[in-house]
Amino acid sequence: MGNYEAIPKPHDGPIVGLLSLRVLARLLDYPTAELQAACAEAVEILDGEDRLPLKLRAELAQWCAELAAGDLLDLEEAYVELFDRGRATSLLLFEHVHGESRDRGQAMVNLLAEYEAAGFQLDARELPDYLPLFLEYLSTRSHEEIGQWLGDIQHILALLTARLEERDTRYALVPRALLALIGATEAIDEQRPVAAGEAPDNTPQALDAVWEEEAVRFHAETDKDCSLQSAEGRRLAERKYEALPQVVQIMPSERP
């Protein structure tokens with residue numbers, strides 16, 4: 001991890017963890033009825049910790065209200081269209097760094113070792129670099145570690161924010177909020193020309209081209225393994241994960 005400043009503490013707070021990260025993890029995960037029911041609690045937590053700028057918290061609160069009032073099937077369809085069509089907006093962190101190279105596998109092994117050393121136990125079919133899962137892990141760490149980790153993935157978060165804002169989606173608020181926690185939102189402007197100049201990778205033609213290059217990712221051995229490579233497949237496979245026992249469950253999880 002790099003030498004980045006820890007998240008500033010505007011007031012006395014818990015020594016370990018930020019509940020706001022658990023809220024942001026839930027908002028970035030697949031939409032569920034449980035999430036809709038917990039939106040008011042999410043806003044209370046974000047306001048209570050007071051770690052984000054007022055304007056950004058207001059935008060997150062408005063988005064939570066929209067999620068709570070939205071049709072769940074429409075929300076699910078929009079989520080899959082946004083995150084499961086193409087790689088530009090992938091929520092798998094190492095895909096933005098290593099693609100499908102062998103280095104990505106080693107990076108995931110190293111991240112799993114970090115989880116295990118911290119006592120963060122996974123009980124899931126999610127890959128360890130899945131951003132909502134990674135945020136769950138960070139929510140158990142010290143402010144210093146959180147700041148260092150977010151600093152390490154700052155360039156990924158900035159590019160992801162720029163790409164999501166290019167698509168005019170509220171989901172861009174989550175990586176923007178993560179950058180705001182370490183005072184690095186200016187990095188988004190640096191990535192805007194990149195995002196604006198990219199050809200869409202979620203069109204039928206682009207998806208067909210990728211399919212021709214590689215029929216399956218990570219050499220999936222079964223149809224079930226293939227389905228788990230999509231957001232919808234992950235939901236249908238009854239995915240779940242468990243954090244440290246002492247971490248408070250602040251919002252209902254979609255995982256049974």
Side-chain angles (χ1 to χ4, degrees), residues 1-29 42 45-53 56-57 60 90-98 103-124 126-161 173-188 191 240-251 253 255:
M1 294 183 290
N3 294 321
Y4 298 93
E5 292 184 2
I7 293 173
K9 303 178 185 178
H11 53 70
D12 291 336
I15 296 176
V16 175
L18 284 177
L19 295 182
S20 296
L21 289 176
R22 292 180 68 82
V23 171
L24 295 173
R26 290 287 183 265
L27 290 175
L28 200 57
D29 210 346
I45 291 170
L46 294 174
D47 285 340
E49 286 198 336
D50 192 22
R51 300 282 174 169
L52 297 172
L56 185 52
R57 279 187 281 127
L60 286 164
S90 174
L91 296 180
L92 298 173
L93 294 171
F94 295 146
E95 187 162 302
H96 295 284
V97 179
H98 302 297
D103 290 339
R104 183 180 176 191
Q106 185 59 54
M108 286 193 288
V109 169
N110 294 342
L111 184 56
L112 273 174
E114 291 277 354
Y115 290 166
E116 292 172 359
F120 189 80
Q121 301 173 356
L122 303 190
D123 183 14
E126 296 290 7
L127 293 173
D129 61 338
Y130 180 55
L131 183 52
L133 174 59
F134 181 66
L135 295 179
E136 291 272 356
Y137 165 71
L138 288 190
S139 75
T140 71
R141 312 314 299 157
S142 69
H143 291 120
E144 182 180 5
E145 286 183 86
I146 293 170
Q148 289 176 330
W149 275 113
L150 292 180
D152 279 349
I153 62 171
Q154 171 181 314
H155 63 293
I156 299 175
L157 296 175
L159 183 56
L160 181 59
T161 305
L173 292 172
V174 175
R176 174 173 283 277
L178 296 173
L179 290 169
L181 286 174
I182 57 173
T185 54
E186 72 282 350
I188 301 170
Q191 297 297 336
K240 63 180 179 177
Y241 53 81
E242 297 175 350
L244 293 172
Q246 64 266 31
V247 177
V248 178
Q249 181 70 32
I250 54 133
M251 294 176 65
S253 171
R255 299 173 174 81

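Atoms considered below: every heavy atom in the structure, side chains included; atoms not considered: hydrogens, waters and symmetry mates. Positions are given from 1 along the sequence.
Closest heavy-atom contact between Leu133 and Leu127: CD2-O, 3.6 Å. For the residue pair Arg57 and Asp47, the shortest heavy atom distance occurs at NH1-OD1, 3.2 Å. Nearest heavy-atom pair, Phe94 versus Asp129, reported as atom, atom and distance to 0.1 Å: N-OD2, 3.0 Å. For the residue pair Glu114 and Tyr137, the shortest heavy atom distance occurs at O-OH, 3.9 Å. Of all heavy-atom pairs between Pro175 and Thr161, the closest is CB-OG1, 3.1 Å.
In terms of the side-chain contact (heavy atoms from CB on, under 4.5 Å) criterion, residue partners of Leu56 (sequence neighbours excluded) are, by chain and number, Leu52, Pro53, Glu59, Leu60, Leu173, Arg176, Ala177, Ala180. Here Ala113 pairs with nothing under the side-chain contact (heavy atoms from CB on, under 4.5 Å) rule; sequence neighbours left out.
With rounding to the nearest 0.5 angstrom, the CG atom of Asp29 is 8.5 Å from the CG atom of Leu91. The distance from the CD1 atom of Ile156 to the OG atom of Ser90 is 10.0 Å, given to the nearest 0.5 Å. Note that CG of Leu138 and CD of Glu145 are 9.0 Å apart. Values are rounded to the nearest 0.5 Å. Distance CZ/Phe134 to CG/Leu21: 9.5 Å, rounded to 0.5 Å. Going from atom CG of Leu157 over to atom CG of Leu181 covers 10.0 Å, rounded to the nearest 0.5 Å. Atom CG of residue Leu27 and atom OG of residue Ser20 lie 10.5 Å apart, to the nearest 0.5 angstrom.
Counting only distance, with no hydrogens or angles, the side chain of Tyr115 and the backbone of Pro128 share a donor-acceptor pair below 3.5 Å.
Under the 4.5 Å side-chain criterion, counting only non-hydrogen atoms from C-beta, Leu178 is in contact with Leu135.
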Test side-chain contact (heavy atoms from CB on, under 4.5 Å) applied to Arg141 and Gln148, step by step: CA-CA 11 Å; Arg141 312 314 299 157; Gln148 289 176 330; over 6 Å; no

